[in-house]
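Just so it is clear: chains get the letters A, B, ... in the order the sequence lines come, proteins before strands, and each one is counted from 1. The structure presented is a predicted model; accordingly, all values stated were derived computationally and were not measured.
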Amino acid sequence: MNPYSELVKEVKAFVEELGRRLNIDLSNVPITRAQPRFGYISVPLHNVAREFKDLDKIVKEIAENFNFRYLNPPEYVNGFLNFDIEPRNYSKLVIDAVLSLGESYGRPEKPMEGLYLIEHTSANPLHPLHLGHGRNAILGDTLARLLKFCGANVRTHFYLDDCGDQVSYAALGFSLVRDLVYERIRSGRKPDHVIGIVYAVTCTVAEIQKLSRELEKLKDTSPDKYREVIAERDDLVAALAELEQKDKELVLKLIDELRKIPDIESEVKKITRLYEEGDENVKRLVREMINLVIKGFEETLTRLGITFDSWDWESEITIYSGKVYEVLRRLIERAFPYIERVGNVIVFRADKYAADMDLWDKLKLPRHLPKVTLTRSDGTTLYITRDLAYAVWCFEKFNPTLLIRVIAAEQQHPQAQIRTMLYAMGYVDWAQRLVHYAYELVNIPGVKMSGRRGRYVALDDLVDEAKRRVMSMISDRFSDPKELEKVSEAVAVGAIRYSLLSVSPNKPILFKWDKVLNLKQNSGPFIQYTYVRAKSILEKAGVLQVLSYSVPETLGPEEVELVKYIGEVPEIIQNAARDLRPDYVVEHVNKIALAFNSFYEKYPVIHAEEPYRGFRLALVLSVKRVLENVMNILGIPVLERM
RNA sequence: GGCCCCGUAGCUCAGCCCGGAUAGAGCGGCGGCCUCCUAAGCCGUAGGUCCCGGGUUCAAAUCCCGGCGGGGCCGCCA
């Protein structure tokens with residue numbers, strides 16, 4: 001049930017009748033939203049108006065015999081045909097729809113079909129999730145909630161990148177200070193935070209070691225370059241000092257142990273190689289470390305209301321299974337003329353292929369596409385090759401309608417290359433069903449974020465800080481400290497989710513505490529607060545459901561506005577699902593909250609006379625229902641009190 | 001150099017896909033509202049060359065072309 005579309009149907013019927021009368025085809029005229037002072041729905045007829053001078057008269061004539069249900073007869077002004085709702089009938093339609101459909105109000109009449117596989121977050125398991133991962137995770141999770149609400153089957157996957165040197169740095173460091181790490185975890189520290197320090201220290205010390213060797217050579221030969229490298233090394237030493245602030249004992253011990261290794265980098269490469277070969281000891285070590293980090297991830301994600309159906313280990317899916325080699329073979333076979341070899345290095349000329357096949361529009365490729373290096377000179381595969389194998393695996397195993405991968409916009413080239421390679425392998429259909437859901441990064445003013453240096457704002461810290469602020473604000477309202485804690489956490493999560501969702505994904509976010517922790521209008525807490533207000537009225541009135549009510553003769557403008565917004569909800573949700581734009585929903589729920597609060601100030605509900613009381617209770621119940629449905633889509637916790 | 005994204009009020013952003021009337025929110029300013037359903041609220045007010053220049057159109061923030069400014073990507077890293 002979609003109330004707004006009922007209005008559109010009625011407008012279309014009227015316009016159709018007009019077309020018949022004028023003997024022209026009006027089936028393609030746009031139906032637009034009117035500016036408020038001109039009604040609700042507006043049909044621009046300027047082209048028609050030039051030919052027919054007496055349009056207003058004809059409109060009037062048709063209106064006299066037209067069977068209006070939810071609309072008033074239109075007015076013809078300035079070349080626009082303007083319609084407004086008939087408030088009583090339309091209110092009844094909207095409120096009845098919400099009350100009868102309940103938790104499914106807002107769902108498209110024709111539910112979405114098919115399976116949507118959403119891969120998101122997929123942070124490297126070496127450090128805690130930070131702000132950027134937060135945007136990714138919240139976008140991915142909300143997309144999943146949105147599509148699920150619309151009736152689709154949805155699977156969420158975390159692609160766990162456990163191959164590559166970065167993992168080996170963390171694993172090497174971990175092996176050197178294993179006991180201290182466990183000690184920290186036992187005393188309550190989050191494992192991903194502890195590993196984050198270990199990883200950063202190991203990387204940094206390794207780089208210092210490398211630079212120091214370089215310096216030996218440069219000392220006498222190139223003084224300019226020498227100074228440059230010194231500066232670079234000083235920066236690394238500074239990063240190490242920063243890390244020491246976080247856990248002195250752990251950092252110093254690790255540095256000490258690392259000093260005993262003459263060449264850290266080659267030690268790391270060795271671990272990477274052995275891991276890919278499936279060496280049991282190395283595998284045990286690496287996975288022990290990764291599993292600790294995953295535990296930390298899950299804790300953070302659970303706080304934010306995010307869960308996964310599957311954790312996909314890159315090593316298992318692409319390497320141990322042999323999939324990546326299989327995929328490579330197929331690509332070479334099918335796209336042979338576009339394969340170049342230099343020694344063991346295999347290159348796919350994606351640029352040439354896309355141009356020859358004219359794939360630009362078909363696969364939505366950027367006009368410039370770099371060629372793809374698929375293997376190293378030692379024959380091992382690269383990340384993108386395994387990524388391609390992963391995409392193939394997803395399609396073979398689950399055959400999703402769409403494979404939506406939430407990945408930063410900076411990866412648009414590799415993602416476009418993967419679509420091109422799927423196409424070249426003969427997977428034409430899959431190539432078109434692979435969606436790179438791109439989002440811009442979150443930046444902190446003045447800070448260059450870097451996992452390798454341990455410079456980031458962890459998502460946990462963000463939630464904690466938000467929670468602290470909320471707690472200090474409401475501590476006097478709750479006598480039970482447990483409830484205070486629970487409410488504060490929920491408000492913090494609502495604030496963060498809302499703020500990261502309210503900006504369209506293709507805009508970079510400049511992170512500011514005050515913006516993310518906005519607790520006023522246009523925020524998560526504002527929505528939560530509005531829900532609590534509605535709930536509170538109903539509770540005080542002793543009304544759990546409204547069985548019957550009648551619509552008063554006249555309605556206030558705030559009441560009409562609310563009805564209109566509520567009636568638009570299914571339309572908004574449908575569009576959001578179609579365009580994969582959760583921010584449409586965010587914007588709309590804010591409108592509903594604003595309208596409800598205006599209504600709340602102006603009209604008494606409990607102490608109103610009948611029929612106002614009954615009608616307003618039904619309206620409040622509808623608002624509460626809609627807010628609840630939408631908050632569930634957005635993952636904003638629903639509170640009963642705050 | 002090539003490609004992608006962005007440029008709208010002092011600040012953060014909707015609106016652009018699919019062109020319609022006097023361009024919208026929030027924050028921050030300023031001025032008001034708690035004997036009454038939670039003031040995380042409400043009401044009022046100020047604030048704009050929609051980056052610039054052309055073009056298409058009855059009509060352009062929106063579409064097309066050309067600039068300017070900012071971010072990102074163009075690796076035998078991930």
Of the candidate nucleotides [options], which contains the atom at the shortest distance from the side chain of [X]?
X        : options             : value
A:Glu440 : B:G41, B:C5, B:A25  : B:C5
A:Val503 : B:U38, B:A14, B:C77 : B:A14
A:Met642 : B:G72, B:A40, B:A25 : B:A40
A:Ser536 : B:C42, B:A21, B:C37 : B:C37
A:Asn506 : B:G72, B:C5, B:C74  : B:C5
A:His413 : B:G2, B:G41, B:C37  : B:G2
A:His46  : B:C6, B:C58, B:U22  : B:C58
A:Arg376 : B:G75, B:C6, B:C77  : B:C77
A:Glu601 : B:C76, B:G41, B:A21 : B:G41
A:Gln35  : B:G41, B:C58, B:U22 : B:U22

Donor + acceptor pair across side chains of [X], [Y] (<3.5 Å):
X        : Y        : value
A:Glu558 : A:Tyr603 : yes
A:Asn597 : A:Thr530 : yes
A:Asn344 : A:Arg376 : no
A:Tyr40  : A:Asn82  : no

At less than 3.5 Å, do the side-chain atoms of [X] and the base atoms of [N] form a donor-acceptor pair?
X        : N     : value
A:Asn82  : B:A21 : yes
A:Ser598 : B:C42 : no
A:Arg469 : B:A40 : no
A:Thr530 : B:A40 : no
A:Arg37  : B:U22 : yes

Name the nucleic acid region contacted by [X], choosing base, sugar-phosphate or nothing; use a 4.0 angstrom heavy-atom cut-off, strictly under.
X        : result
A:Asn47  : base
A:Ile606 : base
A:Ser504 : sugar-phosphate
A:Arg581 : sugar-phosphate

Taking atom [atom1] in both [N] and [M], what distance in whole Å separates the two?
N     : M     : atom1 : result
B:C64 : B:U57 : C1'   : 12 Å
B:U8  : B:G15 : P     : 14 Å
B:G26 : B:U22 : P     : 23 Å
B:G7  : B:U45 : C1'   : 29 Å

Quiz item: Given that A:Ala409 and A:Pro604 both sit by RNA chain B, which one's nearest nucleotide is further toward the 5' end?
Solution: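 The 5'-side residue here is A:Pro604.
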Quiz prompt | Whichever of A:Val491 and A:Arg367 has its nearest RNA chain B nucleotide further upstream toward 5' | solution =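 Its nucleotide being nearer the 5' end, the pick is A:Arg367.
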So which nucleotide does [N] pair with, by the Watson-Crick or G-U wobble rule with both distances under 3.5 Å?
N     : value
B:A25 : B:U12
B:C73 : B:G2
B:G44 : B:C30
B:U62 : none

Quiz item: Any chance the rings of A:His46 and A:Phe80 have centres within less than 6.0 Å?
Solution: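 Aromatic pair counts; centres sit under 6.0 Å.
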Self-check item: Glycosidic class, syn or anti, of B:C13 using a 90° window around 0
Solution: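 Classified anti.
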Take atom [atom1] of [X] and atom [atom2] of [N], then tell me their distance rounded to the nearest Å.
X        : N     : atom1 : atom2 : value
A:His368 : B:G1  : NE2   : C1'   : 10 Å
A:Asn522 : B:C11 : CG    : C1'   : 14 Å
A:Leu627 : B:U38 : CG    : P     : 16 Å
A:Gln415 : B:C74 : CD    : P     : 13 Å
A:Asn78  : B:A21 : CG    : P     : 11 Å
A:Lys602 : B:C43 : NZ    : P     : 9 Å
A:Lys520 : B:G41 : NZ    : P     : 7 Å

Exercise. Please name the pair of heavy atoms, one in A:Leu441 and one in A:Arg135, separated by the smallest distance, quoted to 0.1 Å.
Key: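 That closest heavy-atom pairing would be O-NH1, 3.8 Å.
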Quiz prompt | Atom of A:His127, atom of A:Asn124 and distance for their closest heavy-atom approach | solution =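 So the minimum-distance heavy-atom pair works out to CE1-O, 3.9 Å.
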Quiz item: Taking only N and O in the side chain of A:Lys371, is any of them less than 4.0 Å away from OP1 or OP2 of B:C74?
Solution: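 Indeed not, no polar side-chain atom of A:Lys371 lies that close.
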Quiz item: Can a side chain N or O of A:Lys507 be found less than 4.0 Å away from OP1 or OP2 on B:A14?
Solution: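 Yes, such a contact exists.
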Quiz prompt | Base of B:G20 and ring of A:Phe80 stacked, centres under 5.5 Å, planes under 30° | solution =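 So no, this residue does not stack on that base, at least one cut-off failing.
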Practice problem: Evaluate the side chain to side chain contact (heavy atoms under 4.5 Å, CB included) criterion for residues A:Tyr498 and A:Val586: first the C-alpha distance (whole Å), next the side-chain angles of each, then the deciding distance (0.1 Å), finally the verdict. | Solution: CA-CA 7 Å; A:Tyr498 187 101; A:Val586 174; 3.4 Å; yes
